[in-house]
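Contents: one structure, followed by commentary.
Quick note: residue numbers are just sequence positions, from 1. Note that the structure is a prediction, hence the values are computed from the model and not measured. When a ligand or atom number is given, it counts from 1 through the structure's own listing order.
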Amino acid sequence: MPETKILLSEQEIPTHWYNIAADMPNRPAPPLNPATGEPIGPEALAAIFPMALIEQEVSSERWIEIPEAVREMYRMWRPSPLYRAHRLEKALDTPARIYYKYEGVSPAGSHKLNTAIPQVYYNKQAGIRRIATETGAGQWGSALSMACQFFGLACTVYMVKVSYQQKPYRRILMSTFGAEVIPSPSDRTEAGRKILAEHPDSLGSLGIAISEAVEDAASRADTNYALGSVLNHVCLHQTVIGLEAKKQMEKAGDYPDVVIGCCGGGSNFAGIAFPFLYDRLTQGKQVRAVAVEPEACPTLTRGKFAYDFGDTAQLTPMLQMYTLGHTFMPSGIHAGGLRYHGDSPLVSQLYHDGLIEAVAYNQTAIFEAAVQFARAEGIVPAPESAHAVRAAIDEALRAKEAGEARVILFGLSGHGHFDLAAYEAYLSGDLQDVPLSEEALAAGLAELPKVGG
Ligand SMILES: *Cc1c(COP(=O)(O)O)cnc(C)c1O
């Protein structure tokens with residue numbers, strides 16, 4: 001029987017990240033100043049990001065070296081395992097060969113530590129002493145809190161209020177790692193006070209929390225901002241996932257027909273898919289890449305490719321991306337990490353150019369897949385990751401219908417140990433699908449700024 005667990009040694013941790021901008025037929029359009037609508041230069045970002053990250057953001061170099069200090073910390077859990085899902089294949093009775101790359105082995109429980117560590121590293125190099133950020137369900141906040149603690153920086157996390165109240169465990173994890181956690185909207189910032197004046201009972205959103213963290217960082221010289229997804233340098237850092245997976249697939253003597261990743265802001269999908277898209281872009285390899293999103297926040301499948309703000313208060317530069325509108329408020333689905341209105345400009349451009357595919361699922365369908373996966377493989381997926389599981393299972397079932405031995409690789413971005421309340425809701429039949437109406441979709445898109453794109 002072929003191997004179940006395909007491992008690499010610590011020496012095989014990649015030495016360089018892969019920058020897909022070097023190989024794209026069309027590179028993303030430039031970011032625009034939120035006030036003037038004019039293209040911004042790198043210097044406009046210098047108030048909140050260190051220059052090393054800004055350089056990565058605009059770089060067109062194909063391979064970017066991973067600093068030795070970052071690789072040293074990656075060794076705590078990298079290379080992450082690649083599994084052959086023998087038991088799932090059997091349960092599905094499919095001729096498909098299913099592989100998954102598991103990022104839940106990181107100390108913070110998801111792929112987000114892959115970028116938290118280099119981001120904090122470059123900030124420390126630049127003399128920054130404190131980082132402000134936002135978090136939704138808390139996965140990004142816990143990864144950044146841990147990275148800050150390891151490098152000796154202070155960390156303030158604006159946590160979307162509804163999650164702060166309903167999901168105490170991630171908040172406690174952040175506090176354990178030494179971070180200051182503030183429910184957002186808060187009275188600490190202009191953006192937060194403005195929202196509270198209009199809506200005193202606001203439960204917050206990722207867009208509002210970003211506004212607060214950016215304002216906090218911009219107003220203090222010792223403080224920078226860090227984002228856990230969307231931006232080019234974040235997608236870049238996540239390519240360690242796909243680069244390792246390529247070596248592991250080679251060890252297994254296989255190559256994927258299709259690579260699948262869940263997609264919130266796009267960095268996890270980018271991480272698993274971009275190194276394989278390299279083969280497609282530079283060697284014409286026939287490999288499909290599929291981004292999976294929730295029906296409740298269907299950015300790629302129903303959004304618009306246009307310039308939009310990254311946050312509610314319109315403080316961030318405008319990016320050309322697939323978006324549902326910066327005022328869009330997704331319903332309270334359990335995959336908190338997939339509830340962002342926009343998407344990575346790199347992922348968006350690739351989708352616009354027909355180089356990747358996208359699919360959306362309702363949450364009852366993803367929990368059904370998650371439970372089936374847990375029972376076969378023994379790993380309880382994060383609700384976000386369960387989107388990739390659903391798509392992989394459907395791909396395997398289609399392979400069965402077609403009688404094809406298709407090779408499927410998917411990214412299992414994190415574990416669901418802090419999401420068991422969502423599993424309980426599903427298991428007790430209380431979980432509802434919350435389809436997005438045409439009216440709500442149109443209302444969000446009507447708020448797009450009237451520039452460019
Ligand atoms: C944040 C998160 C996601 C979404 O990641 P993006 O890079 O924003 O698409 C997926 N899975 C898990 C476990 C997460 O924590």
Side-chain angles (χ1 to χ4, degrees), residues 80 100-116 119 133-146 157 159-160 163 167 169-170 173-174 206 209-210 226-242 260-274 289-294 297-300 310 321-322 330 333-348 350-351 356 358 360-361 366 370 373 379-391 410-419 422:
S80 67
Y100 58 94
K101 176 79 167 156
Y102 185 40
E103 292 296 310
V105 294
S106 96
S110 79
H111 68 288
K112 294 211 169 68
L113 205 52
N114 296 331
T115 186
Q119 288 196 46
T133 196
E134 74 290 328
T135 198
Q139 284 136 325
W140 168 240
S142 27
L144 192 74
S145 305
M146 192 197 125
V157 182
M159 184 175 193
V160 177
S163 302
K167 302 196 168 162
Y169 295 121
R170 288 257 166 215
L173 187 60
M174 289 184 265
L206 216 43
I210 294 175
L227 190 61
S229 189
V230 180
L231 298 179
N232 302 348
H233 66 267
V234 184
C235 293
L236 174 81
H237 301 156
Q238 294 297 351
T239 60
V240 288
I241 303 172
I260 297 169
C262 67
C263 192
S267 73
N268 156 70
F269 168 76
I272 185 95
F274 284 4
V290 182
V292 193
E293 58 186 19
C297 193
T299 315
L300 292 172
M321 58 185 173
Y322 279 87
I333 54 163
H334 287 285
L338 304 184
R339 294 177 70 234
Y340 185 59
H341 68 271
D343 222 317
S344 140
L346 290 169
V347 171
S348 294
L350 291 164
Y351 185 63
I356 62 170
Y361 286 107
I366 70 106
F373 181 83
I379 296 173
V380 178
E384 292 84 2
S385 320
H387 287 71
V389 175
R390 172 81 269 167
F410 71 93
L412 193 65
S413 50
H415 67 65
H417 297 172
F418 293 107
D419 304 283

* Specify the protein heavy atom at minimum distance from atom 9 (O) of ligand 1: its residue, its atom name, and the distance to 0.1 Å. => Gly264 N, 2.7 Å
* Identify the closest protein heavy atom to atom 13 (C) of ligand 1: which residue and atom is it, and at what distance? ->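 Checked against all protein heavy atoms, atom 13 (C) of ligand 1 sits closest to Ser413 OG, 3.5 Å.
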If we set the cut-off at 4.0 Å for heavy atoms, which region of [X] has an atom near ligand 1: side chain, backbone, both, or neither?
{"X": "His111", "value": "side chain"}
{"X": "Lys112", "value": "side chain"}
{"X": "Leu338", "value": "side chain"}
{"X": "Cys263", "value": "backbone"}

[X] versus [Y], closest heavy-atom pair with distance:
{"X": "Gln119", "Y": "Ala226", "value": "OE1-CB, 3.3 Å"}
{"X": "Ala370", "Y": "Pro381", "value": "O-CD, 3.8 Å"}
{"X": "Cys263", "Y": "Ala291", "value": "CB-CB, 3.9 Å"}
{"X": "Cys235", "Y": "Ser344", "value": "SG-OG, 3.7 Å"}
{"X": "Leu412", "Y": "Ile379", "value": "CD2-CG2, 3.9 Å"}

* To do: Using side-chain contact (heavy atoms from CB on, under 4.5 Å) as the criterion, point out the one residue from His233, Glu103, His111 that pairs with Gln238.
  =>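 Among the candidates, only His111 passes.
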* To do: For ligand 1, find out whether one of its N or O atoms is nearer than 3.5 Å to an N or O atom of Gly228.
  =>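 N/O-N/O distance under 3.5 Å: no.
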* Asked: What about Ser385: any of its N or O atoms under 3.5 Å from an N or O on ligand 1?
  ->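 Checking ligand 1 against Ser385, no N or O pair falls under 3.5 Å apart.
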* Go through the steps to decide whether Tyr351 and Asp343 satisfy the test side chain to side chain contact (heavy atoms under 4.5 Å, CB included), and finish with yes or no. => CA-CA 11 Å; Tyr351 185 63; Asp343 222 317; over 6 Å; no
* Take His415 and Val105 through the side chain to side chain contact (heavy atoms under 4.5 Å, CB included) test and state the conclusion after the steps. => CA-CA 8 Å; His415 67 65; Val105 294; over 6 Å; no
Going by the atom numbers of ligand 1, which of them fall below 4.0 Å from some non-hydrogen atom of [X]?
{"X": "Cys262", "value": "10 (C), 11 (N)"}
{"X": "Gly337", "value": "4 (C)"}
{"X": "Asn268", "value": "5 (O), 6 (P), 7 (O)"}
{"X": "Gly266", "value": "6 (P), 7 (O), 8 (O), 9 (O)"}
{"X": "Ser267", "value": "6 (P), 7 (O), 9 (O)"}

* What's the spacing between Gln139 CD and Leu113 CG if we round to 0.5 Å? ->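 Reported value, rounded in 0.5 Å steps: 12.5 Å.
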* With respect to atom 10 (C) of ligand 1, which of His415, Gln139, Glu384 exhibits the smallest heavy-atom separation? -> Glu384
* Closest by any non-hydrogen atom to atom 8 (O) of ligand 1: pick that one out of Pro381, Ala386, Ser229. =>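 Ranked by closest heavy atom to atom 8 (O) of ligand 1, first place is Ser229.
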* **Plane angle bin for Tyr102 and Tyr100 - parallel if under 30°, tilted between 30 and 60°, otherwise perpendicular** =>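 Ring orientation, 0 to 90° scale: perpendicular.
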